[in-house]
Amino acid sequence: METESDHQVDVSVLVLARNCRAHLDRCLTSLLVQRVDKEIVVVDDGSSDGTRDLLDLYAAHHPGVIRVIHRDRRGVPARLRNRALAEARGRYVFFCDGGDHLGPDALRRMVATADANTSDIVLGKIVRRGRGAGHLVRLPEFAFRDDADVVGLLDGAYESLSCFKLFRRSSLERHRIRFDETLTTGDDLAFSVHAYCHAGVISVVADHDCYHLVRRRDGGVPMAETAGRDPLAWLRMIRTPLELMAGHIPPGPLRDHLLLRHFKLDVLAQLGAPFLAACEAAREKIVMEVADICAEWLTDGVRDLFGDLERLRVASLDDVDRLVRLARVETAPMRHRLLGLDWIGGRLEVSGSVSLAGFDGEVCLVLRERTAQGERRVPVTRIADRFGAMIEVTSLPSGIWDVHVAVECEGVRRLARLRADRDPVMVAPAARFSSGVVAVPFLTRSQGYLGLDVGGHLLRVPGAVRLARAEWAGRRLRVEGQVHVGSTPGAVAVRHLVWRERASGRERRQPVVATGSHTFVASAGGFSAGTWDAYLELDVGGPPARFPVKVDRPEELDGTMRWWSGLMRWTVRPYATSVNRRLSTSVHVSTPFTLLGSAMRKLGPS
């Protein structure tokens, strides 16, 4: 007979708590409301702020769900996590810190994803709360915008090496994956690296805020108290995950890409703000540690993947003063804002201000395309902290371009999204249509960042199509009209007159001929029975743009056309819809039998 201790739950949530009383209510409540079969194992690491009493209260009110393990002496996070992991009975385990909390549907979505894809690891979206929010541990921005059933290490999964994920417990047991208790910092990073190396399937839940990192002054948990403060300790720790990864991944492009992540975020990052905060003697030791790691792990393949800053730092390892200057450029406050935006002919004039505290570098604008990752550099004219630039919009490939301002100094390029002040509110100028391409400047709603939609990928293309004449030529309806994109004649962009049947969604495309800068003509026929709405389709440099054909004078539409084809009578009536005055055509097919029935209904009973 199965006992309660033998029952396997879906998820074991393993929580570390130390002096996080102020945040613990929210943490535990967020776990209890998760709609999965779960257990919550909390390890209290010698708390002295009331955390212990609150945990006992929760455990008393939720027997069989919450179990508390009290420790009187503080221990390293790895030992505490291993203690919690030894108690786990779930098919999956999820690690959580007592000061953080989960989104309301986080575990259900992650478990469903893992079950559907037999995932060994599921990454849930991690968000930060509070100004400068986040733990002191190094957590890059969540790399995924969309859910994914399967992702690879090169797709961005390896960027996230915290342990705040869903792990299949059988995989951890099979490969004896545990936290390294010799590490006083970064133990979760080494754990995640080891788990990634054995994961058959890695999945992502990105459309729900799964894990909320909460900034707290007291550190809140053992992990946050020690991680990220001592660059020397971090550099000595990072050798462990490097060796773990290299023990499972053979030399080659994959290993080089994984090494790149460690060099950028874990190794060379110590030559930034942590380097400036260190004393002169500590700086020498940091450089020695970095140089030793480079000597052992830096391959030509990794060098080829470096950005400018990484190359400069590696080249300057024998020059501490140069490393200090590079760090100061990287960490100097950068102030910038968008001051003006207007069209000058077919070019977009951008004016603004930018300054990098303590430095006078070269300024330019950098345009980055969101999907293709293309980049364009735009020179500026500059006086003091003010600058002006002209963007040749027609030269940009189709896409969504984000506008950045860059300051280059000491070979380091500082880059920031150019944004407008929210008060007073700046309004982006209207779309501009030139050389067959539409460009729509925009400012994002939340932050006021400047962008350019070239081709109408993201924003609605402003345009209007007006019917000039619709008349019958035999059994075909000849349609003449005018088209503008924004305020510019748009006949150069016409492609098709599209008739869409209202009930079924079926479409018929008819060729269109431009007869002037803003005029066109098309001939339509061959409809089947139904109600057909007219749209003019334009090629404006991106996805096809459609505009309904509006009728200004419905009374001037040619009347109904009728004809016989064999035993069928066709009735075709062009008209303007009553609400929006859109051009539509009603097509009705009758046979002698339907006509006879109609006549008899009109006569009524004899």
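Both backbone and side-chain heavy atoms feed into the values below; hydrogens, waters and symmetry mates do not.
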**Asked** Between the side chain of D147 and the main-chain N/O of A206, is any donor-acceptor distance below 3.5 Å?
**Response** yes
**Prompt:** Which heavy atom in G200 sits nearest to a heavy atom in D120, and how many Å separate them?
**Reply:** N-OD2, 2.7 Å
**Prompt:** Going by distance alone, is a donor N or O of one side chain under 3.5 Å from an acceptor N or O of the other, for E501 and S504?
**Reply:** yes
**Item:** Matching residue for E537 among R508, R546, R495 - test: salt bridge (charged side-chain N to carboxylate O under 4.0 Å, His left out)
**Value:** R546
**Item:** Minimum side-chain heavy-atom gap L341-V350 below 4.5 Å
**Value:** yes
**Prompt:** For V33 and S30, which heavy atoms make the closest approach, and how far apart are they?
**Reply:** CG2-O, 3.4 Å
**Prompt:** Do other residues, nucleotides or ligands put more than 12 heavy atoms under 6.0 Å from I344 CD1?
**Reply:** yes
**Fill in**
Sorted by chain and number, sequence neighbours left out, ring pair (Phe, Tyr, Trp, His ring centres under 6.0 Å) with H484 holds for H518
**Prompt:** Do the side-chain N and O atoms of T444 and R419 include a donor-acceptor pair separated by under 3.5 angstrom?
**Reply:** no
**Asked** Does D207 come within less than 4.0 Å of K125, counting only side-chain N to carboxylate O?
**Response** no
**Message:** Could you check whether S523 and R476, counting side-chain N and O atoms only, form a donor-acceptor pair closer than 3.5 Å?
**Reply:** yes
**Prompt:** In Å and rounded to the nearest 0.5 Å, what is the CZ to CG distance from R261 to L305?
**Reply:** 15.0 Å
Please tabulate, one pair per line, all N/O donor-acceptor pairs under 3.5 Å involving side-chain atoms of residues 458-475, not counting sequence neighbours.
residue: R466; atom: NH1; partner: D552; partner atom: OD1; Å: 3.3
residue: W472; atom: NE1; partner: G559; partner atom: O; Å: 2.8

**Request:** List the atom of D308, the atom of G411, and the distance in Å for their closest heavy-atom pair.
**Result:** CB-O, 4.2 Å
**Request:** Using ring pair (Phe, Tyr, Trp, His ring centres under 6.0 Å) as the criterion, list what pairs up with H336, not counting sequence neighbours.
**Result:** none
**Minimum side-chain heavy-atom gap V405-L365 below 4.5 Å** = yes
**Request:** Answer yes or no: is there a donor N or O on one side and an acceptor on the other, between the side chain of E159 and the main chain of G156, under 3.5 Å?
**Result:** no
Would you list the atom pairs, donor with acceptor, under 3.5 Å between side chains in residues 390-399 and any protein atom, with sequence neighbours excluded?
residue: S395; atom: OG; partner: E392; partner atom: O; Å: 2.7
residue: S398; atom: OG; partner: V454; partner atom: O; Å: 3.3
residue: S398; atom: OG; partner: H457; partner atom: NE2; Å: 2.5
residue: S398; atom: OG; partner: G541; partner atom: O; Å: 2.7

**Prompt:** Passes side-chain contact (heavy atoms from CB on, under 4.5 Å), V521 versus V479? Steps please.
**Reply:** CA-CA 6 Å; V521 63; V479 176; over 6 Å; no
**Prompt:** Would you call D209 and R128 a salt bridge, taking side-chain N to carboxylate O under 4.0 Å as the test?
**Reply:** no
**Item:** Cation-pi, Y575 ring and R573 (6.0 angstrom, 45 degrees)
**Value:** yes
**Asked** Would a distance-only check, ignoring hydrogens and angles, find a side-chain to backbone donor-acceptor pair under 3.5 Å from D402 to R417?
**Response** no
**Message:** Checking the side chain of D342 only, and the main-chain atoms of E349 only, is there a donor and an acceptor separated by less than 3.5 Å?
**Reply:** no
**Asked** Out of curiosity, S590 OG to R562 CZ, how far, rounded to the nearest 0.5 Å?
**Response** 9.0 Å
**Prompt:** With a 4.0 Å cut-off, would you call R328 and E330 a salt bridge?
**Reply:** no
**Prompt:** Where do V122 and A114 come nearest, in terms of heavy atoms and distance?
**Reply:** CG2-CB, 3.7 Å
**Request:** Would you kindly say whether Y449 and H404 are connected by a side-chain donor-acceptor distance under 3.5 Å?
**Result:** no
**Request:** Using atom types as modelled and distance alone, determine if a side-chain donor or acceptor of D100 lies under 3.5 Å from a backbone N or O of V214.
**Result:** yes
**Item:** Interatomic distance, W570 atom CH2 to M561 atom CE [nearest 0.5 angstrom]
**Value:** 14.0 Å
**Asked** Does E480 come within less than 4.0 Å of R478, counting only side-chain N to carboxylate O?
**Response** yes
**Message:** Counting only heavy atoms not in R311 (residues, nucleotides, ligands), do more than 12 fall under 6.0 Å from its CZ?
**Reply:** yes
**Asked** R35 and D105: salt bridge (charged side-chain N to carboxylate O under 4.0 Å, His left out), yes or no, with the steps?
**Response** CA-CA 7 Å; R35 293 178 294 168; D105 203 26; 2.8 Å; yes
**Message:** Evaluate F142 against V204 for side-chain contact (heavy atoms from CB on, under 4.5 Å), listing each step before the verdict.
**Reply:** CA-CA 10 Å; F142 195 72; V204 174; 3.9 Å; yes
**Request:** For the pair Y158 and Y196, name the ring-plane relationship: parallel under 30°, tilted 30 to 60°, perpendicular over 60°.
**Result:** tilted
**Item:** N-O pairing of R582 and D533 below 4.0 Å
**Value:** no
**Message:** Is it the case that the side chain of R500 and the backbone of A534 share a donor-acceptor pair, with hydrogens and angles ignored and the cut-off at 3.5 Å?
**Reply:** no
**Item:** Main-chain N/O of G516 paired to T519 side chain as donor or acceptor, under 3.5 Å
**Value:** yes
**Prompt:** Counting only N and O atoms by type, is there a donor-acceptor contact under 3.5 Å from the side chain of S192 to the main-chain atoms of L161?
**Reply:** yes
**Prompt:** Do other residues, nucleotides or ligands put more than 12 heavy atoms under 6.0 Å from K264 NZ?
**Reply:** no
**Carboxylate-amine/guanidinium contact R502 E507, below 4.0 Å** = no
**Asked** Are any side-chain N or O atoms of D155 and backbone N or O atoms of V151, one a donor and one an acceptor, separated by less than 3.5 Å?
**Response** no
**Item:** Student check: side-chain heavy atoms of F520 and V513 closer than 4.5 Å
**Value:** no
**Message:** side-chain contact (heavy atoms from CB on, under 4.5 Å), that's the test. Do L536 and V498 meet it? Break it down for me.
**Reply:** CA-CA 6 Å; L536 189 65; V498 180; over 6 Å; no
**Request:** Begin with the C-alpha distance, continue with both residues' side-chain angles, and end with the deciding distance and a verdict on salt bridge (charged side-chain N to carboxylate O under 4.0 Å, His left out) for R370 and E375.
**Result:** CA-CA 9 Å; R370 290 186 184 177; E375 184 173 297; over 6 Å; no
**Request:** Search all heavy atoms of P379 against all heavy atoms of A389 and return the closest pair with its distance.
**Result:** O-CB, 3.6 Å
**Request:** Using the test ring pair (Phe, Tyr, Trp, His ring centres under 6.0 Å), find all partners of W499 that sit at least two apart in sequence or belong to another chain.
**Result:** F527
**Asked** So, the side chain of E408 versus the backbone of R413: is there a donor-acceptor pair under 3.5 Å, distance only?
**Response** no
**Side chain proximity check, V366 to V378, heavy atoms < 4.5 angstrom** = no
**Message:** Quick check: closest heavy atoms across V551 and A576, and the distance to 0.1 Å?
**Reply:** CB-CB, 3.9 Å
**Message:** Using the side-chain contact (heavy atoms from CB on, under 4.5 Å) criterion, which residues pair with S517? Sequence neighbours excluded.
**Reply:** P489
**Prompt:** Quick check: are there more than 12 heavy atoms from other residues, nucleotides or ligands sitting under 6.0 Å from CZ of R377?
**Reply:** yes
